[in-house]
Structure formats: structure tokens, C-alpha cells
Amino acid sequence: MVKIRTRFPPSPTGYLHIGGARTALFNWLFARQQGGVFILRIEDTDQARSTDEATRAILEGLEWLGLNWDEGPFFQSQRTEIYRQFISDLLKQDKAYYCHCSPELLEKKRETARAEGRKPKYDGNCRDLELGPGPQAVVRLKNPQTGTTGFDDLIRGPIVFPNEELDDLVLARSDGSPTYHLAVVVDDITMEITHIIRGDDHINNTPRQVQIYQALGRPLPFYGHVPMILGPDKTRLSKRHGATSVLAYKDMGFLPQALINYLVRLGWAHGDEEIFNREAMIQKFSIARVGKSAGVFNQEKLLWLNSHYIKESTDQELAALLAPFLREKGFQDLDLEYVAKCTATLKMRSKTLKEMAEAAEFYLEEEVTYPPEAVKKSFSTQTIPWMEAATESLANLAEWDESAMESAFTRIIDRTGATLKQIAPPLRLALTGKTASPGLFEVMAALGKERTLERLNRALNYIKGL
RNA sequence: GGUCCCAUCGUCUAGUGGCCUAGGACACCGGCCUCUCACGCCGGUAACACGGGUUCGAACCCCGUUGGGACUACCA
């Protein structure tokens, strides 16, 4: 059996975006599932627009998502000799020819053709002139002019194009460099790619590439064209729609497994299942079951998945993940054990790590501040006896856990005649500086006895000074 | 314009001729739980683009219409 080989070929003209990430994911999943090989290839033939920085960002994005590649990264810019070889072979076999038409002339012809309602395709002017190389010459593929060119798409089934629609495409530019179509095909041949899974914006490119395979006398790979990802306005997802860079989602506090899970479900389903960890995805993914229609990127659902994976993470994992976000907020010396205790109270209430970091601030601040509105609502002379009773009972607690606190509070309620509903708000404000927070007992347990008593005493003094 | 692709709730989707008075998930709206906020649980609103066929029977098959999208470069 032939080993399956897939590839992800980004061009380094920008960051790794959501659409690219999903294409990479599908290729990766298919390779992993089939025991195949996943190859990374950087398509940097467009020297003007390619940057090293973009390459780094793409690699970093893939690494963050955990889409590890087995071979590469290969760079097209380092393979020019290979392309040259293939082009000269084609020329020798009369499958390609030199064309001396200037870009200006071609552009003019296209315009008049368009104006007259004809197809603006190359007219084959130099096809049979048997011209040699020249300073302005490009190399074109000599395509069949009748008949059809097609392929059997893994996702969409057979797709056929009339050859009259296809013109003699340029294989080599006048400077000798290969064009995209030639480079892709040569790379896929030499890298022995068996399955090409890519965006459906390439469907129309495929017959051209098929013709190059045919001219070269090589067997076709399998093609699977996955649908595009759209923004909420149903146009192609782009910067206009906010963050589409994978790393931007990292910075917003998303977990890679949440993004991966979201992406795999965008365009693919396995019955009613929503949650897929890596292993489940690899096992259940099926390229043939990928949907055909474009999908709208929905951040709400991503947030839901993210909160799911946050809940699933252990306190220690969360503490480590949260640390960079906390440091960003200026909390430099972090006691990760303490942070872990805090995350335990926050994981049910946070949709992102960024949100969690914000919610965690009161745990880390030396002194919480009491917002005037909240003070008005919760602090009064009436609360003094409650606070005193609480402070005293808590101070006497031998065990600092939630069940001990609970029994302490039943005694406090007994003694003061107040209800928990009355006592909780002022205590919450004293401990967190907020009117909404994790459960009172949870907060005290996480804060620890010392911090709790400190904060209560400080609040008591504050109220007495009102 | 031409060619190609696509079409089920607002969104992601299940559905491959009878199981569909169309199922799940997100979001939204109610309720329960409750020390606040969440979580969780229960319930609700909400879709087969349209028109023709084929068939005893169509969300599912065929044709057309409409609507979206892609490509149409010496960009990838």
C-alpha cells in the first residue's frame, strides 16, 4: 500500500489565518489517521511579498495548534533548479513553447476581447511559431484545445471543464522563474504528495494543474476541495472581520484545543457530537464527509468550546496558562500554587484566559478597592456586628476549608439573627472589592486564612470610619 | 460576461426516498438551583430558497429559476 502524504503550503505573505489553519488541520488529521506523512512547504516564489517574519508567524501558529509536520519546511525559493529542469523537459518534448508576446500586448488583447464579449484568454499566437528563448519570452504549456479536463474530487465528486475554457498558461516567467501552477505541480510530484486537500478557491485552478500532470505523464493525486470560511457578513473571512490570525486567538486567551475543535466542526460533523479531543478527531475524521457549502465563522461557539476546555483543564494547567496574562497585568511574582487555587474558583466563570486573568485580579492585589456604589449598597453600621462575628468565628477555625466555614456561618447566623443573604454582600465586598464574585466560601478558601482575616479587618476599620 | 462550485433554524450542522408534525449544538428567551456572578439542569422560539418534474411517497433524485461564492494574471 502506498503511504499517504499530505501537505500544507502557505505562502508567507501574512500570518497563519483561520482558513489556512483549518486546511492545515484537515491535512494533518488525514495524514495522522492514515498513518501517513504531513509535509510543510513554504510557497515563497513571490519574493516581493514574502517575508521571514510571516514564515516565523506561520510556524509558530502551527506549533501552537499542535499541528506538527513530519517533513519540511521546504522553501520553493530554494528549488528553482528543479523547476527549471521540469520546464526544459516540457520544452524538449514539445509540451511547452516559448511565447514572445509582451504583457502590454496581452493586456490589450484581453481588453478588446472583453469589450467584444469574447473570453479574455490567450489566443495561442506563438503556439506554433516554434520560437526560441528571448529576453521577454515566457514558457507556455501547450494545452489540448478540444475535449475536457476533469478530476474526481474527494468531497464533491467528478468535476469537468471544457478545454476551450482553458488557455495555454504560463509556466515560466520571462525571468525564468516558475509560476505558481508549475511550482505546485512539480513540488507535489517530487514530494510524492498523494492527497491534496485545499480550499475550494482552487477548484478552478485544478484543471490547469491536471494538464501539467498530464503533460508530464504523471499520475494524478487525489484532490479534496474544502469549503471556504466566511465572516458574519457572509463574505470571505478577512481582517475586516476582526482577528483572523491564529496567534491573535492565542493572545485573546483561547486554548488551542478549543480552536482546533471549533475548526474541525466547521464543515464537518460526526452525528450529534460536538466535543472532539485530538485522539477522537483523528479517529473519526473523514474527508469524504466534509460538507460542501461555505461556513460562517461564529466566535460565540468558539467561546463556548473554550469555556468547555477551560473547565476541563486542571488547576495547575490553568495556573501555567494564566501566568503570562497575569504578568501582562503587572503581577510579576506569581505563586503558581496560589494561582492554581484561584483558578479553581474561576474556571466555571471564564470564557477565555484573558477574562480569567481579569477576574483573578482581586486575588493578587495587595489591597482591594471598594467602589463607592458598592459601599453605599453593602457597607453600613449595621454590618459591623456581622463582620465582627464573622471575623471572630473564622479566626477560631482550626480547619480552613469550606465545610468548616459553612458550620461557622450557621453559628454566626444564629448569633446575629441575620441571614446569609444579608451577611454575604458586605463580606464579598470586603474580600473582593466586588458585588459579584465566586462563592464566598470558595473565595475565602482560595485566599487563605491570613489574607481573609486581613481583608475583613481592613474593611471593618473602613466601615467604622465612614 | 464566461466557466466552475454551493444552497436545512440567526450560526455550525444531522438527515443519503417512508423512522421527519425535520434531530443536536451555539446564541437568544423563560424556569429551577442559589450568598452575588457563573456553572449545571429543565423548557421554549426558530429552518428544508423558489418553481417544475420522477415516485404510491421527496429535505433527500432530475431540470429550471433565484441567490451566494470562486476563478478568469509573467499573485499564490
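Computed over heavy atoms, backbone and side chain alike; hydrogens, waters and symmetry mates excluded.
- For A:R114, the listed nucleotide lying nearest its side chain is B:A73; candidates were B:A73, B:C6, B:A76.
- Checking A:C101 against A:W268, the closest nucleotide of RNA chain B that is more toward the 5' end is the one next to A:W268.
- Using bins of under 30°, 30° to 60° and over 60° for the plane-to-plane angle, the ring pair A:H308/A:W304 lands in the tilted bin.
- Taking the side-chain hydrogen bond (donor to acceptor under 3.5 Å, both in side chains) definition, one finds that A:K341 meets it with nothing, sequence neighbours left out.
- Applying the salt bridge (Lys or Arg N to Asp or Glu O under 4.0 Å) test to residues at least two apart or on different chains, none of the pairs has a partner in residues 417-438 of chain A.
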Produce the list of close N/O pairs, under 3.5 Å, pairing protein atoms with atoms of nucleotides 61-63 of chain B; give distances to one decimal.
none

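- In terms of polar N and O atoms assigned as donor or acceptor, the side chain of A:R156 never comes within less than 3.5 Å of the base of B:C5 in a complementary pairing.
- For the pair A:T45 and B:A76, the criterion of a side-chain N or O lying under 4.0 Å from OP1 or OP2 is met.
- Considering only side-chain N and O atoms, A:R110 lies under 4.0 angstrom from the phosphate OP1 or OP2 of B:C74.
- Comparing atom distances between the A:F161 side chain and each of B:U3, B:U36, B:C74 picks out B:U3 as nearest.
- Base pairing annotation: B:A7 forms a Watson-Crick or G-U wobble pair with B:U66, both donor-acceptor distances under 3.5 Å.
- Shown here are the salt bridge (charged side-chain N to carboxylate O under 4.0 Å, His left out) partners of A:R49, two or more places apart in sequence or in another chain: A:D46.
- You'll find that the side chain of A:L266 is closest to B:C12, out of B:C12, B:C4, B:C6.
- Annotation: A:F30 is not in aromatic contact with A:F38 [ring centroid separation under 6.0 Å not met].
- As rounded to the nearest Å, B:A70 and B:A27 have C1' atoms that lie 30 Å from one another.
- Out of B:C35, B:G40, B:U3, the shortest distance to the side chain of A:E165 is found at B:U3.
- Look at A:K121 and you won't find any side-chain N or O under 4.0 angstrom from OP1 or OP2 of B:G2.
- Under the Watson-Crick or G-U wobble criterion, with both distances below 3.5 Å, B:U34 has no partner in any strand shown.
- A gap of 16 Å separates the C1' atoms of B:A49 and B:G69, to the nearest Å.
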Considering only nitrogen or oxygen atoms on both sides, find all protein atoms under 3.5 Å from nucleotides 64-70 of chain B and state each distance.
| unit_1 | atom_1 | unit_2 | atom_2 | d |
| --- | --- | --- | --- | --- |
| B:A70 | O2' | A:D201 | O | 3.1 |
| B:A70 | N3 | A:N204 | ND2 | 3.0 |

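- Each of B:A76, B:C74, B:A38 was ranked by its minimum atom distance to the side chain of A:R349; first place goes to B:A38.
- Using atom C1' as the reference point in both B:U8 and B:C4, the two lie 24 Å apart (nearest Å).
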**Request:** Applying side chain to side chain donor-acceptor pair (under 3.5 Å), run through A:T352 and A:N306 and close with a yes or a no.
**Result:** CA-CA 7 Å; A:T352 66; A:N306 206 46; 5.5 Å; no

**Request:** Could you run through nucleotides 27-32 of chain B and give me one letter per nucleotide, 5' to 3': B if any protein heavy atom sits under 4.0 Å from the base, S if only the sugar-phosphate is that close, - if neither?
**Result:** S-----

